[in-house]
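Since the structure comes first, as structure tokens, the remarks are kept for the end.
No hydrogens, no waters, no symmetry mates; every other heavy atom, side chains included, goes into these values. In what follows, chains carry the letters A, B, and so on, assigned in the order in which the sequence lines appear, proteins first and then strands, with residues in each chain numbered from 1.
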Amino acid sequence: MKYDFAAIEKKWQTYWDEHKTYAATNGGDKPKFFGLIEFPYPSGDGLHVGHPRPYTAIDIVARKRRMQGYNVLYPIGYDAFGLPTERYAIQHHMRPELVTKRNVARFTEQLKMLGYSFDWDRCIVTTDPDYYKWTQWIFLQMFKKGLAYKTSIPVNWCTDCKIVLANEEVVNGVCERCGGPVIKKEKSQWMLGITKYAQRLLDDLDDLDYIERVKTQQRNWIGRSTGAEVDFVTSAGDKLKVFTTRCDTLFGVTYMVMSPEHALLADWMKRGLIQNMEAVKEYQAAAARKSDFERTELESKEKTGVKLEGVRAVNPVTGDEIPIFLSDYVLATYGTGAIMAVPGHDQRDWDFAKAFDLPIIEVVQGGNVEECAFTDCATGVLVNSGFLNGLQVEEAKATMIRWLEEKGIGSEKVNFKLRDWVFSRQRYWGEPIPIIHCDKCGWVPMDEKDLPLMLPDVESYEPTDNGESPLAAIRDWVECTCPRCGGPAEHETDTMPNWAGSSWYFLRYMDPLNDKALVGEDAVKYWNQVDWYNGGMEHTTLHLLYSRFWHKFLYDIGVVPTKEPYAKRTSHGMILGQNPHNFANLPAEEQAALVAEYGDEKGARKHLRERYGEMADQQIVKMSKSLGNVVNPDDVVKAFGADTLRTYIMFLGDFEKAAPWQDDAVKGCKRFLDRVWNLCEVKREGDALSAANEKEIHKTISKVSSDIEEMKFNTAIAALMGLVNKFYQNEPSRGDVKVLLALLSPFAPHLCDELWEQQGFEGLCCTSQWPEHDESKTVDAEKTLAVQVNGKLRGTVTVAAGCTQETALEAAKLDKKVAGYLNGAEIVKIIFVKDKLINIIIKPGK
RNA sequence: GCCGGUGUGGCGGAACGGCAGACGCACGGGACUUAAAAUCCCGAGAUGGCAACAUCGUGUGGGUUCGAAACCCACCACCGGCACCA
């Protein structure tokens with residue numbers, strides 16, 4: 001019989017579905033395992049081959065755990081709010097609910113086709129009112145604790161999407177989604193106080209089993225730095241506060257710089273202290289006009305600024321009067337929005353001082369401050385610094401902080417790069433923010449019993465040009481009564497960003513139908529936290545950090561028992577595609593035609609570069625619709641089956657690294673499964689392991705078991721291929737193929753369940769017991785030692801395992817080639833590594 | 001500029017400091033077949049040699065070591081993240 005993968009896969013998918021083979025139970029004696037992948041955004045394009053990589057990986061882990069006797073929760077859902085759906089709905093005059101429903105159905109069909117062991121009964125969709133009710137509920141709790149607040153801030157405004165973007169959605173100064181220009185615009189926005197959790201988000205990373213690059217990226221993003229805040233008295237009679245990490249250089253401060261948006265400026269203007277109002281106002285306006293794109297585009301980073309005429313400051317350690325400047329190299333949103341400038345020891349200050357011809361004082365010896373700023377803290381010694389002279393930088397910092405504290409003009413201070421989270425979106429397709437505005441009472445939270453606050457069911461909700469949410473135009477929905485005073489009031493019309501629903505979704509999987517709480521107490525106590533979460537690196541500073549923040553908040557209000565949501569985090573590499581415009585990737589005929597037309601290969605390549613740009617030189621590129629190199633999993637499943645796709649996608653390279661999809665290589669995995677089929681299709685005899693294969697089987701069990709834990713799926717599959725090759729040499733017993741099927745089952749579950757049944761084994765392969773290996777049976781009786789002479793390999797000898805140096809040396813001497821080298825030479829030294837190698841060091845004879 | 005990562009056959013990729021190239025793709029040879037496909041078996045880093053064998057080989061240049069793809073120093077290239085964060 002032929003390996004009819006289409007029929008087999010359908011048969012087993014139906015069986016698993018009907019028997020709820022992969023359903024998890026909340027409770028029981030078994031140890032629990034909660035494996036998680038990032039739930040997809042159900043886009044209109046359907047599944048992409050990038051999706052199955054992480055899904056298959058954690059599916060393999062989940063299946064192995066199940067076979068090891070764990071109660072496994074491996075859930076799936078959809079993160080369905082978001083712009084692409086809204087855009088599609090507007091374009092096609094459809095309601096976004098319907099677009100979402102259709103896309104979810106399509107994704108579900110595709111995911112089921114791949115044979116994942118998801119517990120489909122726990123499937124959730126973030127746009128479902130029963131779900132977003134709880135997203136809104138969490139927001140209300142944050143509002144009550146003062147973590148959600150509304151404030152007017154300069155926001156990133158995409159001029160194309162007409163929407164406020166989070167800092168994270170602005171990439172290289174342009175909109176991440178549409179590539180449109182982004183400018184700063186002052187707007188009243190809901191904010192979440194993630195910065196209040198900055199220290200905890202940083203500290204708690206230490207104890208987590210996250211891959212190191214994730215931790216590093218989060219630490220950098222949080223960006224903690226320690227220094228001091230120092231007050232500078234101004235001629236206006238007030239204090240200008242600055243943050244510095246180098247308070248040791250206070251004697252080198254020759255001027256100060258404020259950001260153009262600094263609050264004190266308005267006050268000074270009002271009091272008529274600024275003599276050059278025109279110039280100052282003009283500079284402020286110019287800074288506001290500058291888009292992020294322009295700011296980052298300025299490769300040269302040339303410093304601009306304007307001196308404040310009429311207000312000066314006093315250096316608190318020297319008593320000198322110093323000028324104050326405005327410049328956009330000082331950010332309003334970091335520190336205090338103003339700095340003390342030390343041109344001798346900060347490159348940016350140095351550049352500015354050179355541009356404005358300001359004095360540069362050397363206060364740390366070791367460099368040449370005429371040429372550039374000297375910023376090395378490790379070696380320098382303080383000079384020109386009064387009571388700090390002669391001290392090392394670190395000592396000087398400590399001394400200065402003590403001095404500042406004594407005088408009451410400064411203190412130690414920690415600052416973070418992390419900013420509060422802009423949580424408002426002027427969109428229809430998001431969770432409505434459950435807050436009501438009353439002219440009398442201000443912002444009033446909705447009553448919890450009135451949740452969910454549903455989106456209005458309307459035909460049209462085109463985005464507005466003025467930046468208001470489309471909801472603002474739907475007056476029936478906006479108008480309401482104030483829950484506090486009963487007077488007329490209005491619903492908030494902004495909606496939440498798409499990061500909201502994904503910040504807590506894993507909790508809902510524990511208890512998806514609960515209508516009393518976002519998760520029941522027993523359920524969350526049982527599942528505790530996610531044991532293993534795999535997702536993309538692109539979510540490290542967004543989703544991953546946001547959900548850690550929400551979880552900590554839920555911990556603080558007693559909803560969850562753990563401080564952290566995910567015990568372990570791993571990350572997969574992207575699947576890349578072939579570049580259709582690269583010469584090497586063209587079909588032979590096209591290559592020949594191009595060569596004929598342009599003289600030679602060089603000419604052909606040059607032509608391609610002129611036509612498609614620099615990227616024509618790259619053989620491997622990201623998959624993209626515009627390049628037409630996207631591989632659709634449906635096609636692969638149709639041609640080779642889901643088991644082949646699963647196996648290939650795990651085999652194609654190191655899981656953590658990017659790897660190119662190669663159409664030609666898929667059939668290698670199909671061939672492998674065919675070979676398994678051919679072996680196991682015939683009835684095998686003998687339940688014991690065959691003598692000829694026993695050792696290899698034990699080795700393979702050990703290798704596959706540990707490789708799965710380390711996410712080395714490619715070498716696990718290679719080991720299984722090796723075992724199958726062995727079985728072609730030595731006829732396997734029924735017991736042999738039983739182990740093979742069990743080990744292969746997480747990778748190719750349909751095939752293995754089918755063959756399991758054909759061999760007449762009990763139950764299902766996918767719920768059978770994971771094989772255990774016997775270490776003592778993996779050891780070889782004989783070992784082949786490498787024989788080196790003076791470190792160069794000259795031959796091999798086969799000896800009994802564990803043999804001594806003497807025996808090995810005798811054996812080595814018998815080797816003809818080795819003997820040739822040893823002939824007449826004096827043996828000076830022997831390096832012997834048991835069961836591995838013997839290295840004979842000789843002095844050449846005469 | 002800063003932080004992180006990666007450089008190994010024609011290709012994807014393997015290798016606790018100990019026989020580099022497992023496993024697979026593509027390739028070559030053989031068996032089966034009227035033939036092809038499929039399948040099965042065998043071969044294969046490069047150079048030289050009929051061969052045994054020798055030399056060279058893990059981005060480049062040094063170093064440590066009996067022994068380095070792996071460790072150290074310097075550099076080059078590519079990928080990802082951050083980017084005037086005081």
May I ask you to evaluate whether [X] reaches the phosphate of [N], defined as a side-chain N or O under 4.0 Å from OP1 or OP2?
X      : N     : result
A/K667 : B/A26 : yes
A/Y821 : B/A54 : yes
A/R213 : B/C3  : no
A/Q618 : B/C79 : yes
A/N714 : B/A22 : no
A/T784 : B/C19 : no
A/R671 : B/C40 : no
A/K792 : B/C56 : yes
A/R675 : B/C41 : yes

*Taking side chain as C-beta onward, heavy atoms only, is A/I830 less than 4.5 Å from A/I840?*
yes

For a quick check, tell me whether the side chain of [X] and the base of [N] share a donor-acceptor pair closer than 3.5 Å.
X      : N     : value
A/K817 : B/C53 : no
A/Q788 : B/G18 : yes
A/D664 : B/C25 : no

*State whether the side chain of A/N790 and the backbone N or O of A/I842 hold a donor-acceptor pair below 3.5 Å, judged by distance alone.*
yes

Looking at [N], which nucleotide sits across from it as a Watson-Crick or G-U wobble partner, both distances under 3.5 angstrom, or is there none?
N     : value
B/A37 : none
B/C2  : B/G81
B/U47 : B/A54
B/C16 : none
B/C71 : B/G63
B/G7  : B/C76

*Considering only B/A54, B/A86, B/A14, which nucleotide approaches the side chain of A/T245 most closely?*
B/A86

*Side chains of A/N725 and A/Q729: do they bring a donor and an acceptor to under 3.5 Å?*
no

